[in-house]
Each structure stands twice: as C-alpha cells, then as structure tokens.
Amino acid sequence: MDLRPVYTPTKGEAAYQALRSAIRNGQLRPGQRVTLNELADSLEMSLTPVREALRRLASQGLVEQEPNRGTVIAEYTLERAREIYRLRLLLEPVAAELAATHATDDDRSEITTALSDLDEAVAEGRDADVAALNATLHHRIYTAARSPYLSEFIDKLWNGVPFQAISLTDRQQRSAEQHRAIVRAVLDADSDRASQLMHEHISEAAKDTFRQLADADEARTSDA
C-alpha cells in the first residue's frame, strides 16, 4: 500500500492563497482599499489568519499596508515595473543557465509538459489561461535551476507586477516561439544559449509591459 501524506494548509495559508488568487484574477483590483474585517467576513475566517495572510502579501509587494488606513491592493506603476524588470533581466537568465546545467529527467518532463499546455492554450485562443500557463512554464524552468534562494527572489519579482496585470495578446506568437527556443536550449543542456534566449525574452516582455503601463497612465491622466 502506497500511502502519502496529505497536505492540509493552515488557515493562514488558505487565506493567503485565496487573497493572492483574488488579486491575480482581478477580483481585488489595483488601488482598491480593503479592511481586515471585510476580508475575514468574505473568507468566513477569523481575523488572525487573514491578518497573517495580509502581512505575507505585503512582504511580496502585492498589497500595501498603511497605519490606521487599512490595506490597499498594490498598483502597477511604470517606475515600479522598470525596477522589477531591471532585476528580472539579471536573475532569470542565470536561472535558465542553471536549469540547463542541473535539470533532471523529471524536470525536463515537467518543463516539456508545461510548454505543451501553454502552446495548446495559445493555439486554441484561451487567452484567460495563457498568462497563468506562461507563469507555470517559467516556474518549472527556474525550479530546475536547483537554487531555492534564486527561485524565491524571482517569485517576489513576479509578484511585483503580477502577470495578470499585463496583456500578452499582442505578442503571444512571438512569445511562444521564444519559449520553445528556451526550452530546447534547456533540454539540450546548452546553458549559454538558454541564458541568452531568456535575456532576450525578458527584454521584449519589459518593453511591452512599459508600453502598456504608459498607455494606462496616459488614459488615467486624460480621464482626470
């Protein structure tokens, strides 16, 4: 009999996962002010696990806690995006390089599956799924780097400008081509090429993100 331990999240972890999901799918909007009491009521939890979850979200940059004023869902500004992508351009090529060097057979299988799932979503026009599957593919690659600290730093940067905040529609095909090339380099254990391709990929994503955020800033100014 093959019995495996069952993962049961704590209430704090459950609250964190629920709130992070609500931020990422847009239920909790950038700039929206929320209170501990209303979140606890919505989650049907006591205040303590929700307070714990908010502290964790604040440490990741997903919310901003203001003394005596409650919590605000973080907004994605152009200045913030520039700082985040500057760091992503430094760290993610390193992670791709290490993944090409250290990936196990299981890692390669998971990366290949993640790429297939993403390609399928793009081909079928499932735009709502593409962003999440894109994040999954990147996560699989970075996990294969076998550097927990590096993966943790990258995860925090991704939280800084959550992937659902940026539309990938305009560059899906180009991004898909880049993903396939990156994965091929990782599977071929070509660390230099994996690093180079990841740098190019993140650089193009940065330019697109900056354009979208600049357009959003201009729209807000026009509406003011």
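To the nearest 0.5 Å, atom CD of residue Glu92 and atom CE of residue Met198 are 6.5 Å apart. Note that CD of Glu83 is 9.0 Å distant from CG of Leu157, once rounded to the nearest 0.5 Å. Here the CD atom belonging to Glu13 is positioned 8.0 Å from the CZ atom belonging to Arg20, to the nearest 0.5 angstrom. Taking CG of Leu187 as the start and CZ of Arg108 as the end, the distance is 7.0 Å to the nearest 0.5 Å. Annotation: the span from Leu19 atom CG to Leu57 atom CG amounts to 6.0 Å, rounded to 0.5 Å. To the nearest 0.5 angstrom, Arg184 atom CZ is 11.5 Å from Ile111 atom CD1.
Using a 30° and 60° split on the angle between ring planes, His138 and Trp158 fall in the tilted class, from 30° to 60°.
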| CA sep, side-chain torsions, deciding dist, call: His179, Asn134, side-chain hydrogen bond (donor to acceptor under 3.5 Å, both in side chains) | CA-CA 9 Å; His179 284 142; Asn134 172 66; 3.0 Å; yes
| Stepwise, does the salt bridge (charged side-chain N to carboxylate O under 4.0 Å, His left out) test hold for Asp190 with Arg193? | CA-CA 6 Å; Asp190 189 339; Arg193 182 158 177 75; 5.3 Å; no
| request: Start with the C-alpha distance between Ile182 and Ile141, add both sets of side-chain angles, then the distance that settles side-chain contact (heavy atoms from CB on, under 4.5 Å), and finish with yes or no. | output: CA-CA 9 Å; Ile182 291 167; Ile141 293 172; 4.1 Å; yes
| task | Starting from the C-alpha separation in whole Å, work towards a yes-or-no answer on side-chain contact (heavy atoms from CB on, under 4.5 Å) for Arg29 and Ile73. | result | CA-CA 7 Å; Arg29 301 179 305 280; Ile73 308 304; over 6 Å; no
| task | Please test Asp117 against Asp129 for side-chain contact (heavy atoms from CB on, under 4.5 Å), starting from the C-alpha separation and ending with a verdict. | result | CA-CA 10 Å; Asp117 290 344; Asp129 296 331; over 6 Å; no
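Residues Glu200 and Gln178 have side chains that never bring a donor and an acceptor to within less than 3.5 angstrom of each other. In summary, the side chains of Glu177 and Gln173 do not present any donor paired with an acceptor at a separation below 3.5 Å, with no hydrogens or angles considered.
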Please tabulate, one pair per line, all N/O donor-acceptor pairs under 3.5 Å involving side-chain atoms of residues 33-47, not counting sequence neighbours.
residue: Arg33; atom: NH1; partner: Glu66; partner atom: OE1; Å: 3.4
residue: Arg33; atom: NH1; partner: Arg69; partner atom: O; Å: 2.8
residue: Thr35; atom: OG1; partner: Glu38; partner atom: N; Å: 3.2
residue: Glu38; atom: OE2; partner: Thr35; partner atom: N; Å: 3.1

Below 3.5 Å, can you tabulate the donor-acceptor pairs from side chains in residues 145-156 to any protein atom, sequence neighbours excluded?
residue: Arg146; atom: NH1; partner: Asp107; partner atom: OD2; Å: 3.4
residue: Arg146; atom: NH1; partner: Thr143; partner atom: O; Å: 3.0
residue: Arg146; atom: NH2; partner: Asp107; partner atom: OD1; Å: 3.3
residue: Arg146; atom: NH2; partner: Asp107; partner atom: OD2; Å: 2.8
residue: Ser151; atom: OG; partner: Tyr142; partner atom: O; Å: 3.2
residue: Ser151; atom: OG; partner: Ser147; partner atom: O; Å: 3.3

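For the pair Ser109 (side chain) and Asp105 (backbone), a donor-acceptor distance under 3.5 Å is absent. Ser195 places no side-chain N or O within donor-acceptor distance of the main-chain N or O of Ser191, the cut-off being under 3.5 Å. In terms of modelled atom types and a separation under 3.5 Å, the side chain of Ser203 and the main chain of His199 share no donor-acceptor contact.
Arg51 CZ: more than 12 foreign heavy atoms inside a 6.0 Å radius.
Looking at Glu52 and Lys11, no side-chain N of the basic residue comes within less than 4.0 Å of a carboxylate O on the acidic one, giving no salt bridge.
In terms of heavy atoms, Ala185 sits closest to Leu197 at CB-CD1, 4.3 Å.
Under the 4.5 Å side-chain criterion, counting only non-hydrogen atoms from C-beta, Gln196 is not in contact with Pro93.
Connection of Ile23 to Val72 is not established within any shared hydrophobic cluster, with ILVMFWY side chains joined at heavy-atom distances below 4.5 Å, either directly or through further cluster members.
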